[in-house]
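Structure record follows, encoded as structure tokens.
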Amino acid sequence: MKNIKKSFKMLTLVLAATIMLSSCATLFGGSVTEAQRMKPGAGQPQRKVRVIALVLDLILFSPMAIVDFATGAIYQPSK
């Protein structure tokens with residue numbers, strides 16, 4: 001019985017960490033294009049941010065926004 005409780009606690013912690021370290025745009029935004037990954041150069045227009053994903057990241061758990069910005073998934077894909 002003790003092992004089952006310990007396993008359940010460990011599974012819960014791993015699941016919680018996975019959810020907290022994942023991010024909305026990375027999970028639900030689809031594949032990240034090269035245009036989303038590349039930082040715009042001087043004189044080029046800035047990339048637009050997916051507002052809904054950013055708001056959800058900030059509401060649910062702020063460090064998730066860091067993952068989205070690091071992967072470029074927070075930016076809208078260019079058309």
Side-chain angles (χ1 to χ4, degrees):
M1 189 67 173
K2 222 176 197 184
N3 286 335
I4 293 174
K5 285 184 179 182
K6 187 175 181 178
S7 296
F8 181 74
K9 285 182 183 181
M10 184 60 76
L11 179 64
T12 304
L13 287 174
V14 168
L15 184 61
T18 302
I19 290 170
M20 289 177 8
L21 294 176
S22 61
S23 54
C24 292
T26 303
L27 292 176
F28 304 114
S31 60
V32 178
T33 64
E34 192 61 34
Q36 288 173 288
R37 286 189 191 116
M38 293 190 61
K39 186 176 180 179
Q44 292 181 334
Q46 296 296 314
R47 298 173 285 182
K48 293 183 180 181
V49 173
R50 294 178 179 176
V51 178
I52 294 173
L54 179 62
V55 170
L56 288 174
D57 282 347
L58 296 176
I59 288 173
L60 296 175
F61 193 65
S62 296
M64 293 190 309
I66 296 170
V67 174
D68 280 342
F69 279 104
T71 61
I74 195 77
Y75 301 109
Q76 294 178 356
S78 60
K79 294 177 182 176

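For clarity, every value in this text was computed on a predicted model and none was experimentally measured. Numbers here are sequence positions counted from 1. Only this structure's heavy atoms are used, side chains among them; waters, hydrogens and symmetry mates stay out.
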Review point. Got a second to check how far Met38's CE is from Thr33's OG1, nearest 0.5 Å?
Key: 11.0 Å

Check your understanding: Checking Arg47 side chain against Ile74 main chain: does a donor-acceptor pair fall under 3.5 Å?
Key -> no

Practice item. Any chance you could measure Leu54, atom CG, to Ile59, atom CD1, to the nearest 0.5 Å? Key: 9.5 Å

Review point. What closest approach, in Å, do Pro40 and Pro45 show between heavy atoms, and which atom pair accounts for it?
Key: CB-O, 3.6 Å

Exercise for review: Could you grab the distance from atom NZ of Lys48 to atom CD of Gln36, nearest 0.5 Å is fine?
Suggested key: 13.5 Å

Review point. Which heavy atom in Ala65 sits nearest to a heavy atom in Leu58, and how many Å separate them?
Key: CB-CD2, 4.3 Å

